[in-house]
Enquirer: 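Before I ask anything, here is the structure I am working with.
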Amino acid sequence: MNTHALPRREFTHKADVIPRTPIQVKWERVRHRQAHWFAECVAEATGVFLYVFAGVGATVPYTLGNILGEPGLSSLFTIGWAYALGIVLAIVICSPTSGGNFNPAVTLSFVLFRGMSKRKAARYIVAQITGGYIACLVVYLQYKDLIMEAQAALEAKGLLESTLFTPQGPAGVFALYVAPGASLGQVFWSEFVCDFVLGLVIWSCLDPTNFSAPPAAAPWIIGMTYAMAIWGYVPVGLSANTARDLGGRFMALTIWGRAAAGRGGYAAIAALTNLPATFCAVLFYECWLSDSSRVITPVHVDFLTGHAAHAEHGEHVSTTTTEEKEGSASKEQLDTLERA
């Protein structure tokens, strides 16, 4: 049973008020005892899927519209809002199950600063990249005809080879590329600063003493910070999430082959910069902005005690199932002895 310093109180669980079928009861017991780790991974993959699906889905008409001579189908402003809303959906829908990392940099920060196990972190990261890959593949299949039309238009102009694997090309919707001739040093610096700010905001939203960031507001604060970064710094080059970058790049490699890998230098910047940037942001917050003497806000107390009660209830379900099985086994043994 979990122990914590939070106040004890009575809770009403979902199972107490919403009837469940025997199949649901049995599945929940199995999930709590044997498949909880997999449910967490499914939640991480689904969360990344939601925000990549939203953001990439808004990027397709923007990029292809410009190629086909129909600008205005989307805009940078629309893309920023799409990613923001996708992040809100990811956190609201999936974080109750997995904690809502949705970013390898955040997961590794939990390993370094919050004691998450390395095995769990590895599972989360694989799930996150998988979610990004599936989201990009789904969007590609939804827009496949228009993508083929855009590629044909570029080929007719003799621009396909020079444009396909750039931010303005069809592959650039999914895999992230830097503009030809761009300074990789400048791109790295811009990426690092944006990722540092994003990491700072995420960690501040995780601080239970932050009265300005109650749990219900955190999805919007984080989502709008991503939108701000997109609105301001995408023209320079922005990845902001290893799962988004690698998921999209692997999907582009699946569709267009090895040429979709892009320039090696930028591929490394896009995939890896957010890791040290986020670590630096967390360290900065813990050293200069966090204070263990502060009071946990009342809404965070409710939030934390609710999650603790959920964990304890899940353990109780698992224990009850084990006891029932042991009792059933004992009864079977007794019946066998009586028959003998």
Side-chain angles (χ1 to χ4, degrees), residues 44 47-48 51-52 55 80 83-84 86-88 90-91 94-95 98-118 120-122 124-125 128-129 132 176 184-215 217-234 236-247 266 268-294 296-297 300 303:
E44 284 294 302
V48 176
Y51 96 81
V52 174
Y83 271 108
I87 289 168
V88 171
I91 296 174
C94 301
S95 66
S98 67
N101 289 192
F102 310 137
N103 186 332
V106 174
T107 297
L108 292 176
S109 295
F110 271 94
V111 173
L112 294 175
F113 297 94
R114 296 288 176 89
M116 177 184 281
S117 72
K118 294 178 182 177
K120 183 174 183 177
Y124 269 30
I125 291 171
Q128 291 157 3
I129 295 172
L176 301 174
L184 292 184
Q186 181 181 352
V187 171
F188 169 79
W189 174 242
S190 178
E191 180 76 37
F192 187 93
V193 173
C194 289
D195 295 344
F196 180 91
V197 172
L198 289 168
L200 203 62
V201 171
I202 291 170
W203 215 250
S204 71
C205 288
L206 294 173
D207 187 345
T209 68
N210 191 343
F211 280 80
S212 299
W220 292 97
I221 295 171
I222 296 170
M224 293 310 299
T225 305
Y226 270 86
M228 174 202 72
I230 290 168
W231 293 331
Y233 301 99
V234 157
V236 180
L238 181 67
S239 168
N241 188 328
T242 299
R244 160 67 185 98
D245 176 76
L246 290 182
Y266 179 68
I269 291 172
L272 301 176
T273 303
N274 74 103
L275 300 178
T278 302
F279 300 156
C280 289
V282 173
L283 187 61
F284 180 86
Y285 189 89
E286 292 291 341
C287 289
W288 299 105
L289 302 177
S290 178
D291 189 342
S292 61
S293 298
R294 292 179 185 148
I296 296 179
T297 71
H300 277 98
F303 180 81

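Note that the coordinates shown come from a computational prediction; the quantities given were computed from them, not determined experimentally.
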Enquirer: What is the distance from atom SG of C280 to atom CG of L200, rounded to the nearest 0.5 Å?
Expert: 11.5 Å
Enquirer: Tell me which donor-acceptor pairs under 3.5 Å the side chains of residues 184-191 have, and how far apart each pair is, sequence neighbours excluded?
Expert:
{"unit_1": "E191", "atom_1": "OE1", "unit_2": "S239", "atom_2": "N", "d": "2.8"}
{"unit_1": "E191", "atom_1": "OE2", "unit_2": "S239", "atom_2": "N", "d": "3.3"}
{"unit_1": "E191", "atom_1": "OE2", "unit_2": "A240", "atom_2": "N", "d": "2.8"}

Enquirer: Please identify each residue that fulfils side chain to side chain donor-acceptor pair (under 3.5 Å) with Y233, with sequence neighbours left out.
Expert: none
Enquirer: Step by step, work out the side-chain contact (heavy atoms from CB on, under 4.5 Å) result for I202 and T278.
Expert: CA-CA 9 Å; I202 291 170; T278 302; over 6 Å; no
Enquirer: Looking only at non-hydrogen atoms, find the nearest pair between C94 and G47 and report the distance.
Expert: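 Looks like SG-N, 3.6 Å.
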Enquirer: Run the side-chain contact (heavy atoms from CB on, under 4.5 Å) check on L108 and I125 step by step: do they pass?
Expert: CA-CA 9 Å; L108 292 176; I125 291 171; 3.9 Å; yes
Enquirer: Supply the atom-to-atom distance I222 CD1 to S204 OG, rounded to the nearest 0.5 angstrom.
Expert: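 So the gap between those two atoms works out to 7.5 Å.
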Enquirer: If you apply the rule side-chain contact (heavy atoms from CB on, under 4.5 Å), what do you find for K120 with F110, and how did you get there?
Expert: CA-CA 10 Å; K120 183 174 183 177; F110 271 94; over 6 Å; no
Enquirer: Look up atom CD1 in I129 and atom OH in Y124, then write down how far apart they are to the nearest 0.5 Å.
Expert: 15.0 Å
Enquirer: Find the distance between SG (C205) and CD1 (I221) and round it off to the nearest 0.5 Å.
Expert: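 CD1 of I221 is found 4.0 Å from SG of C205.
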Enquirer: Check step by step if side-chain contact (heavy atoms from CB on, under 4.5 Å) holds for F102 and I87.
Expert: CA-CA 9 Å; F102 310 137; I87 289 168; over 6 Å; no
Enquirer: Hey, does H300 have a side-chain heavy atom less than 4.5 Å from the side chain of P215?
Expert: yes
Enquirer: Do N241 and Y51 pair up side chain to side chain, a donor and an acceptor below 3.5 Å, judged on atom types alone?
Expert: yes
Enquirer: For residues Y226 and V88, determine if any side-chain heavy atom of one lies less than 4.5 Å from a side-chain heavy atom of the other.
Expert: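 In short, these two side chains do not touch, never coming nearer than 4.5 Å.
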Enquirer: List the atom of G132, the atom of V48, and the distance in Å for their closest heavy-atom pair.
Expert: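 Looking at all heavy atoms of both residues, the shortest contact is N-CG1, 3.5 Å.
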Enquirer: Looking at every heavy atom in both A277 and D195, which two are closest together, and how far apart are they?
Expert: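 Heavy atoms of A277 and D195 come nearest at CB-CB, 3.5 Å.
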Enquirer: Got a second to check how far N210's CG is from S290's OG, nearest 0.5 Å?
Expert: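 Between N210 CG and S290 OG, I get 10.0 Å after rounding to 0.5 Å.
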Enquirer: Return the set of residues passing side chain to side chain donor-acceptor pair (under 3.5 Å) with W220 (not counting sequence neighbours), or none when no residue passes.
Expert: none
Enquirer: Indicate the atoms forming the closest heavy-atom contact of C194 with L238, along with that distance.
Expert: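 Scanning both residues, the minimum pair turns out to be CB-CD1, 3.7 Å.
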Enquirer: Nearest 0.5 Å please: distance from the CD atom of Q128 over to the OG1 atom of T107.
Expert: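 It is 4.0 Å, given to the nearest 0.5 Å.
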Enquirer: Looking at T273 and P276, what are the two nearest heavy atoms and their distance?
Expert: O-CD, 3.2 Å
Enquirer: So, using salt bridge (Lys or Arg N to Asp or Glu O under 4.0 Å) as the criterion, who are the partners of D245 when residues are at least two apart?
Expert: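 If we apply the salt bridge (Lys or Arg N to Asp or Glu O under 4.0 Å) test to D245, skipping adjacent residues, the hits are R249.
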Enquirer: Indicate the atoms forming the closest heavy-atom contact of E44 with N101, along with that distance.
Expert: OE2-N, 3.0 Å
Enquirer: If the condition is side chain to side chain donor-acceptor pair (under 3.5 Å), which residues does E286 pass it with, not counting sequence neighbours?
Expert: W203
Enquirer: Quick one: list whatever passes ring pair (Phe, Tyr, Trp, His ring centres under 6.0 Å) with F196, sequence neighbours left out.
Expert: F284
Enquirer: Do you see a donor-acceptor pair shorter than 3.5 Å between the side chains of T242 and N274?
Expert: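 Yes, N274 and T242 have a side-chain donor paired with an acceptor closer than 3.5 Å.
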